[in-house]
Student: 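Got a structure for you, written out below as structure tokens; questions coming shortly.
Chain A is the first sequence line, chain B the second, and so forth, proteins listed ahead of strands; every chain is numbered from 1. FYI, side chains are in, hydrogens and waters are out, and symmetry mates aren't considered; it's all heavy atoms of this structure.
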4 protein chains.
Amino acid sequence: MDGGDVSGAGRGDKYQRILDAAVEVIAEHGYFNSPVSSIAARAGVADGTIYLYFKSKDHVLRTAIDAVFSGFFSNIREEISRIPDAREQLRAVARLHLEGLAAHRPLAVLLQTELRQSAKFVADFSHQHMKDYLNLIREVVRRGQQQGVFRKEISDRVAAHCFFGALDEMVSAWVFTGRPFEPEATASQVLGVLFGGIATIPKDGRE
Amino acid sequence: MDGGDVSGAGRGDKYQRILDAAVEVIAEHGYFNSPVSSIAARAGVADGTIYLYFKSKDHVLRTAIDAVFSGFFSNIREEISRIPDAREQLRAVARLHLEGLAAHRPLAVLLQTELRQSAKFVADFSHQHMKDYLNLIREVVRRGQQQGVFRKEISDRVAAHCFFGALDEMVSAWVFTGRPFEPEATASQVLGVLFGGIATIPKDGRE
Amino acid sequence: MDGGDVSGAGRGDKYQRILDAAVEVIAEHGYFNSPVSSIAARAGVADGTIYLYFKSKDHVLRTAIDAVFSGFFSNIREEISRIPDAREQLRAVARLHLEGLAAHRPLAVLLQTELRQSAKFVADFSHQHMKDYLNLIREVVRRGQQQGVFRKEISDRVAAHCFFGALDEMVSAWVFTGRPFEPEATASQVLGVLFGGIATIPKDGRE
Amino acid sequence: MDGGDVSGAGRGDKYQRILDAAVEVIAEHGYFNSPVSSIAARAGVADGTIYLYFKSKDHVLRTAIDAVFSGFFSNIREEISRIPDAREQLRAVARLHLEGLAAHRPLAVLLQTELRQSAKFVADFSHQHMKDYLNLIREVVRRGQQQGVFRKEISDRVAAHCFFGALDEMVSAWVFTGRPFEPEATASQVLGVLFGGIATIPKDGRE
DNA sequence: CATGAATGAGCGTTCATTCAT
DNA sequence: GATGAATGAACGCTCATTCAT
């Protein structure tokens, strides 16, 4: 495009404005309750303009989510690559996950809601992102097991799901309640639970 | 119009058939891709009949979900009340949670997807169920802490979220991948992680 | 046709009313300039009602035209079957063709215009009807040649096209000018030209 | 900007390129399925450029057709003026008509289809051309009647319509079937039918 | 002259809901 | 109660046309 300025109403940054508007509007009302006209209005463009940049309403949402995941992944991978210890890697993932979403609530809302829509939408599209993310976590878990810092008797798959599920739930709780959210502290607490476990006496799965 | 709700199982089984049909159809195609006429057809009733029992399409879904949660809760509460040990109580919750959903895939699909539609829907409606469920888990955690079997230094809120999030994620993984699911074994694995933690050396949050 | 159902706004004949309305509206404004809403309004039904009876706007037009052709064909075939002489058969075709269209101007307009739309529409659909009609005429021509009443040295294909083309043009002239039309007299004149030819001296193709 | 095809093709031929592109594109997809942007793309100009030369999409098509008819007429008039015999004049018209369209299939398609779009379009616009053409033919017929080579008892109007209708149908048959077309031979066959008639015994309108 | 991004009215179609039977 | 034909508002999307560059 042309050199876009940030001059308020914006000039040449329609593409990004549409993406942002879509995330906001859909986060507020849901995908199927968000007419294209609402997204256009929020973005400050005409309805038809959206179709100059995207093939369909669907495509707008997919693009927005793809962009988020891409940025998210490359960010995490980069940070992780600089950390040798698997425990610290997992800690970094937790922090980045929570910080990333805490920084942009509409996005978090969207990820906790629309991403889990009807089978078709999720299966065809966002499921791949989920798999990628989970695989990344599994790798870290396996690395920790090789390093001897994570217990070998637990499944890396299950551990990764528990880890992701716990983080995801913390975000959901925030998103659906709206209470203040402190990503750093939350990450710390979640890791406290997941690393050390809930039980006092190492009775379960721990001899 | 409807003059209140149809008390109990009602006369004909149409009421229940509509609920079942709604769960199935919506699980397959999603809420917004499930015309009322499809639900009616699946239930074997006329379109208009649905409005004799429910005041809107929305109401059908809400009622179905309410029924599920109610049954789920009373079931869990009853089972738990017979168990003295908090660890065993949590174990029972995990088992019932996974078994309950494993036994009825369409329901599981619906809970993992449609329940999280738009923030508004969740906030207005299903969030209350979630809160009830989480409170139930928190109570168990606190009981365990009093009993000395769960570590006192972790937040019961965080522990409950981690526990629920982990279970939820296992269901999601099943729902979105379709791979065979063994609730008993899965419950056991999840508890292995959550009770004992991932880490070997009690470094984190554990002295 | 139209002079029939004057009985109030009509009740259960919506199917036919939609077809009639479609023919009228499309004849007046053309297929692409006739919104479904206009057809619905003319038929005295709601927009959505049209989709209870037809799959699409396209389908309405196809159905109308199919009905016309079907009625037209069976009518012509029946009349022809009772006539032994090929010349009289051709005469009957001409008369029925012109009378049939003269009796329902909107239909004639539609056949002279929309039926010849863009390649896809014509090729896929109405072309088959045309072929059937032309084949019927060719058969009559061949029969006349066998009977010795039509010249053997002319191609039945070309003769049939000339015959149809001449009739078609007479209809077009009427449709586009709006001048009064006498099907009987016109048929007679056209046959006068086609049977006897234009030329006085049998110079051309006639020895 | 684009630095495209500035070479050779010349500067100011845009007007003609747009007309040609319109004929091609509309012949392929029909008027209403041919966005202005497609015509512009085919012509190698920007969408807006079309509006520098024409005041609407409609105007492009009208202009193209006007040009065709004008060229066609002046050509026919000139050729005819050099021929004394009315039979040969008619023969020339048939040949030029068929050759002219055979030489440029997109144009033929357009004339057989889009020209007959809606009654309104035809009535408002192309009908005048048709009338001119038919009058030209009628003149030739009358001339032949005066020369004694055409039968006086047939209406020049009807004869002209039959003649034009027959030619038109031959073109339609070619356009809609796509079979190979030999204008010279076809003209000859059509004239064989129209000059000499179909019937053997001069029974009809011929004593 | 030429561009092509932007506009927004208008389209075909769907579907939650109503109501006469 | 039960039906299902009928409604009409609302949607996603297209494209003729304009206008700042």
Student: Could you run through nucleotides 9-16 of chain F and give me one letter per nucleotide, 5' to 3': B if any protein heavy atom sits under 4.0 Å from the base, S if only the sugar-phosphate is that close, - if neither?
Tutor: --SSBBSS
Student: Represent DNA chain F in dot-bracket notation, 5' to 3'. Only Watson-Crick or G-U wobble pairs with both distances under 3.5 Å count; pseudoknot-style crossings use [ ] and interstrand partners use |.
Tutor: .||||||||||||||||||||
Student: Does this structure show an ion pair linking D/D66 with D/R62, if we count only N-O contacts that are shorter than 4.0 Å?
Tutor: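 No, this pair does not count.
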Student: If you look at every heavy atom in D/G30 and D/E114, which pair is closest and at what distance?
Tutor: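 In terms of heavy atoms, the two residues are closest at CA-OE2, 3.3 Å.
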Student: Do the ring planes of C/F54 and C/H59 sit parallel (below 30°), tilted (30 to 60°) or perpendicular (above 60°)?
Tutor: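 Taking C/H59 first and then C/F54, their aromatic rings stand perpendicular (interplane angle over 60°).
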Student: Determine the minimum heavy-atom distance between C/A64 and C/L19, stating which atoms define it.
Tutor: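 So the two residues come closest at N-CD2, 3.8 Å.
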Student: Measure from the side-chain heavy atoms of A/V45 and tell me the nearest of F/dA2, E/dA2, E/dT7.
Tutor: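 Nearest to the side chain of A/V45 among the choices is E/dT7.
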Student: Rounding to an integer number of Å, can you tell me how far B/I39 CD1 sits from F/dG4 P?
Tutor: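 Taking atom P of F/dG4 as the reference, CD1 of B/I39 is at 17 Å.
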Student: With sequence neighbours excluded, tell me which residues meet side-chain hydrogen bond (donor to acceptor under 3.5 Å, both in side chains) with B/D47.
Tutor: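 With sequence neighbours excluded, B/D47 shows a side-chain hydrogen bond (donor to acceptor under 3.5 Å, both in side chains) to no residue whatsoever.
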Student: Between B/E24 and B/P106, what is the shortest heavy-atom contact and its length?
Tutor: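 What the structure gives for the nearest pair is CA-CB, 4.3 Å.
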Student: Can you see which heavy atom on C/V60 is nearest to which on C/A22, and at what distance?
Tutor: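 Smallest interatomic distance, heavy atoms only, reads CG1-CB, 3.4 Å.
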Student: For the side chain of D/Y31 and the backbone of D/T113, is there at least one donor-acceptor N/O pair under 3.5 Å apart?
Tutor: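 Checking the backbone N and O of D/T113 against the side chain of D/Y31, no donor-acceptor pair under 3.5 Å is found.
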Student: Would you mind reading off the distance between B/D13 atom CG and F/dA2 atom P, rounded to a whole angstrom?
Tutor: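 Atom CG in B/D13 sits about 10 Å away from atom P in F/dA2.
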Student: Rounded off to whole Å, could you give me the NE2-to-C1' distance for the C/H59 and E/dT13 pair?
Tutor: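 To the nearest whole Å, that distance equals 15 Å.
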